[in-house]
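Not measured: the values here are computed from a predicted model. Letters A, B, ... mirror the listed sequences (proteins, then strands); counts begin at 1.
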Amino acid sequence: MHDTRFNPIKADAKWQAAWEKAAIFATPAADDPRPKSYVLEMFPYPSGRIHIGHVRNYTMGDVLARFRTMTGHAVLHPMGWDAFGMPAENAAMEKGVHPGTWTRANIAAMKAQLLRLGLAIDWSREFATCDAAYYGHEQAMFLDMFDAGIVYRKESAVNWDPVDRTVLANEQVIDGRGWRSGALVERKKLNQYFLRITDFAEELLTGLGELDKWPDKVRLMQENWIGKSEGLIANFHLVGSEQGVEVFTTRPDTIYGASFLAIAADHPLAQSLAANAPELATFIDQCKQGGTTAAELETAEKLGFNTGLSVQHPLDPDWHLPVWVANFVLMDYGTGAVFGCPAHDQRDLDFARKYGLPVRRVVADGDATDADFDGDIAFTGAGAIVNSHWMDGMSVAAAKAAIIARAEHDGWGHAKVQYRLRDWGISRQRYWGTPIPIIHCDSCGVVGVPRDQLPVVLPEDVDFATPGNPLDRHPTWRDTNCPKCQGPARRETDTLDTFADSSWYFIRFASQPDNAPFNRAEAESWLPVGQYIGGIEHAILHLLYARFWTRALHRMGKISITEPFAALFTQGMVTHETYRDAAGNWLSPEEVRDANGVLTSLDGGAVTRGRVEKMSKSKKNVVDPDGIIDQYGADAVRWFMLSDSPPERDLLWTESGIEGCWRFVQRLWRLFDAAAEKGDGARDVALDKACHRAIAGVAADIESLTFNKAVAKIYELVNAIEKSRAPASRHDAISILPRLISPMLPHLAEEGWQALGGSGLVAEQSWPDHDPAMLVDDDVTIAVQINGKLRDTITLPRDASREVAQAAALANTRVQTAIAGANPKKIIVVPGRLVNIVV
RNA sequence: GCGGACGUGGCGGAAUCGGUAGACGCAGCGGACUUAAAAUCCGUUUUCCCAAGGAAGUGCGGGUUCGAGUCCCGCCGUCCGCACCA
C-alpha cells in the first residue's frame, strides 16, 4: 500500500507507539557517562485544556531535548502538573465537583493532548503537586525550614471576606469588595507563616551576577524587585518626651535641609495620638481609603496632618522640626517615617509647598547655592553640599559617609541596607493546597508534625456548599493530639501558597525516592537545570521563589547548588487577529468569512478586524491545539511554532502560515518518497557544500534557540536539493534530511528514515557530522565599492592576496568607467570581502 | 515619575566582528499543467526614473568612519516592568 501524501494521522500514532515501545525517552541513570542535559519547560496548571502557548513552549523544549540526545547527551526531559490552586475550588463551588476529581480529569485530558504532539518526555517521572507523595515531602522541607528558623509566624493583616469567610488575594478585591460575594472586604489580623526570604536578599541579588544565560530583562526585574538601597537610620528626639522617632533615608547628606518629619498613617505614634484626637483619627481613615492602583497613585494629592509635636534636629538640639502624618509615607518600607528635605525630593517639595513649610537648599545645582530654594521642581542631581555648616563643599557621596560616621559616633543613628523585598507570606486559608504540617497545643504552643506522621493528607470528604475553609469546619480532621504532651490539640488548617509547590518540583523531577524529597547525589548529578523555558510572566515570583527555596536548602546543608536554573529562556506568546460584529461582539475565526479581504459574518453582517492580541477565550481568538493537529498533524503544528518569529517574540497564528507548513511537510515527504531510487553519477559540489553548511548551521541555531533561523536553513537546503540535477549529491543530501529535521519534525523524520532504508529509529541516531572544509568556498564573491558604494562584484579565489584583489578590482570595467582615469586616493582591501576605492 | 527593550519591503523576519541590506516564510502578480478545481511546478515582487543603466533606501536629525541597519549624540514612536520605596 502506498499513500500519495504524507498522512500524519497514521504516522503520528505509529511512531509515537514505536517510541514508547522502545522506551527511548527514558531518563538515563545518574551515573551515565555522557554529559548531562536537563531540559525543562515550566510545568502547566491543569486548567482543563492545553493552550496553544503550551504547544509553543513544549515544542521548543522538545527540539532542544531531542537535539541534545542526538549530540551525545544524557537527557532528562520530564513533565508534571502544578495541580493545586484556586480554580479547582471555584469549580467545586460552581459545579459541585470535588477539586481533586476536577483536577485529575483535567490532567488526563491535557496529557492526552500533549501526547499527540510526540514530545520526547520521560512520562515515568510524571507527578502532580496534589499527590500526597509529593506534598508530603514539601511538608518535610517546611519543617526543616521551621527548625532552621527560615519559617516564622507573625500576626499580619489580610483581606478578609466576611461572607465567604476567606482570605482574598489583592487581585480578588475589586473596589474594596470581594470578587465573588460582593461583600465589603475587612482588614483582619491573622497569624500567618512567613518564609524569611529577606534573609537571602543579598545573595539573591549577587547571585544574579552569575546567571549569564538568563535574559538581562529578567535579571533586571528581579534586581528591581529586591530593591536594595543603602542609607542611614536616624533617631529624632521628640521634644518634651523621652521617645524618639526613627527614620530611614538614602540621602543623609541632605540632613541640614530637613524641614519636617512625616510619619505613616499606621505608624504607632500616629495611632497612639489618634486615640485622643478625633480629627487625626478621621484623617488616618481618609488616608486608608485612597486607591492603590497606579493611576490613582499618579494623581493622588499629598495630604498631611500636623500633629503639633516636634522633634529635635540631631545635629542641633535647638532646631525643632514639626511632625506631620502624611499619606505618602508607607508603613511597610523602612521605618514608616521620613524626614522631609523638600529642596531635594519631589514628594517632599510638593508637600512643603502645599503646607507652607520651609524649603532650604543644601546641594548646589551648578552655580545655584542660595539657601532659599525656588520653584516646584526638586533638585535631585549631584553637586557640592552647601548651607550645611561643617559639610559645606563635600560631594554628595562624601557627605553621606561623613554623616553616617558622625551619627554612629554620636549614637543617634547607624548605616542601614534596606531592601524592598518583603518576607514571603505563605499561609492560605484554602482547602486545595499543601496542608501546613503544624499542630497547635494549648500547653505546648506551635509544634511541628513529627516526620514519621507525614504526609498530613487532605481529607477527601469535604463540602463546598458553605462558605469558608472546609478544613476549618471538618468534623474530625482538625482534632489530633500534641506530639509533645499527647494532650488534645488542633491541626493548622491553613495550606501553603501554591508557589511553594513550584519552588522545588525541578529537584523532584531529577530524583524521586519514596522516603525523602530527593536523593542528594542523584539530584546533583542533573542539577542545575541546563535549560529552563517558560513565559515572561513568571520573571519575578516563581523564579525568585525557586531561587530562594534552592538557597534555603543549600543553607540547611541539603544540597550543594545555589542556583536552580543555569539558563533561562522566556518565550513569546501566540497571538491572533480579533474580530467583532457590528454590535461589537467578539467573533471567533470560524464565525468570520474572508472574501478578498472583505470580512463578513456567516449571516452576511459586517465584521471589523481588531488588534492582534494574545489568544484568550474572552476575545474568542483562540485556536484549539486538538483541532489543528487533527487537520495538519503534529509536525506541521510544531513547524509553525518554530517558524518565522524569533522565539522570544510573539508569534502571530495565521491560517495561511499553518497551510504553508503543511505544504512544506508534504514537500519533504515527496523528496523521501522519490529518493528510494539509487543516486549515481554526477555530483554537485554546491549542493554538497550546502548540505554541510545546513548541518553545522541548524545545529548552531538549535543550540542558541534561534529556531526560526534553523527553519530558514532547512528551507534553503530543500530548495537547493530540488534545484540540483546531480543524482548522487541529491541522494546524499536527502539522506541527511531525516536526521536534520528529526528534532523539529520527528514523525516525518521517522517516515523518511524508514523510506531511505535506515535501521532503528531516527530519534536514536547521532546528529550528522559535517566536514569543516566543506563550509568554505574555494571562490568568493567580493564587493567592489567606489567611495563605499557598491559598483560591482567580482569572483576571486578564497585565498587571493590583497594585491590580486586590488588589481582585479581596478581592472573591472565598471570601475574603469566610474573613476574615469582619476587616481584613487586610497584603496581599502578586506580580503575575502571587498575592495573599496576612494577617489 | 523611575528602569528597560525595540523601530528593516504589503506582513513575519534575516544580515554572528562596522564590510554586497532584504536570506527564509507568508501574501500578491504573471505563467504552465487540467474540461475544471484542488494539488504541484516555473517566473516575478524595496521604491523611483526605466530600454540598457542609474538614483534613493533600515523611524527622524546630526556625528564618527574609506565604509553605519549595526557605534555615538539628540529627537519621535511603540511595547514591557516597577511605582508615593524616602
Can you list everything that forms a ring-ring contact (aromatic ring centres under 6.0 Å, His included) with A:F664? Sequence neighbours excluded, please.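 Checked A:F664 against ring-ring contact (aromatic ring centres under 6.0 Å, His included); matches are A:W639, A:Y715.
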ring-ring contact (aromatic ring centres under 6.0 Å, His included) filter on A:Y545, not counting sequence neighbours, yields A:W424, A:F499
Suppose we define a pair by two distances each less than 3.5 Å, Watson-Crick or G-U wobble; what does B:C2 pair with here?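 Pairing partner, where one exists within any strand: B:G81.
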Tell me the partner of B:U40, counting only Watson-Crick (N1-N3 plus N6-O4 or O6-N4) or G-U wobble (N1-O2 and O6-N3) with both under 3.5 Å; none if nothing fits.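 Answer to the pairing question: B:A32, which forms a Watson-Crick or G-U pair with B:U40.
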With syn defined as a glycosidic angle within 90° of 0 and anti as the rest, where does B:C17 land? syn
Quick one: classify the glycosidic conformation of B:G63 as syn or anti, with syn meaning within 90° of 0. anti
Among residues two or more places apart or on two chains, list those pairs meeting salt bridge (Lys or Arg N to Asp or Glu O under 4.0 Å) that have a residue in [range].
| range | value |
| --- | --- |
| residues 824-833 of chain A | none |
| residues 324-349 of chain A | A:D332-A:R422, A:D345-A:R347 |
| residues 640-666 of chain A | none |

A:T793, nearest nucleotide to its side chain (from B:U20, B:G4, B:C84): B:U20
OP1, OP2 of B:C82 versus side-chain N and O of A:R420: anything below 4.0 Å? no
Compute both the distance and the angle, then confirm whether A:R5 meets the cation-pi test with A:W669: under 6.0 Å from the six-membered ring centre, within 45 degrees of the axis.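 That pair does not qualify as a cation-pi contact.
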Applying a 4.0 Å non-hydrogen cut-off, can you work out what [X] is touching in the nucleic acid: base, sugar-phosphate, or nothing?
| X | result |
| --- | --- |
| A:V247 | nothing |
| A:D345 | nothing |
| A:V830 | base |
| A:R347 | base |

Sequence-distant partners of [X], side-chain contact (heavy atoms from CB on, under 4.5 Å), two or more places apart:
| X | value |
| --- | --- |
| A:K228 | A:E202, A:L205, A:E230, A:V417, A:Y419 |
| A:D779 | A:T795, A:P797 |
| A:L220 | A:E223, A:N224 |
| A:A539 | A:V218, A:M221, A:I536 |

Tabulate atom names and distances for all N/O pairs under 3.5 angstrom spanning the protein and nucleotides 79-81 of chain B.
residue	atom	partner	partner atom	Å
B:C80	O2'	A:K217	NZ	2.9

Return the value, rounded to whole Å, for the distance between atom CG of A:N327 and atom C1' of B:A86.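 Spelled out: CG on A:N327 to C1' on B:A86 is 14 Å.
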Protein-nucleotide distance (A:E722, atom CD; B:U40, atom C1'), rounded to Å: 11 Å
Please compare A:L652 and A:K723 by the position of their nearest nucleotide in RNA chain B and report the one closer to 5'. A:L652
Taking for each residue the nucleotide of RNA chain B bearing the nearest heavy atom, is the 5' side occupied by A:V329 or by A:A783?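 This one resolves to A:A783.
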Footprint string (nucleotides 21-26 of chain B, 5' to 3'): B base within contact, S backbone only, - free, heavy atoms under 4.0 Å: --BSSS
Do nucleotides 47-58 of chain B as a string where each nucleotide becomes B, S or -: B if the base has a protein heavy atom under 4.0 Å, S if just the sugar-phosphate does, - if no protein is that close. --------SS--
Under the 3.5 angstrom rule, does the side chain of A:E613 hit a backbone N or O of A:T575 as a donor-acceptor pair?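 No, A:E613 side chain to A:T575 backbone: no donor-acceptor pair under 3.5 Å.
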Is the ring centre of A:F339 less than 6.0 Å from the ring centre of A:F260?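 Centroid distance A:F339-A:F260: not below 6.0 Å, so no.
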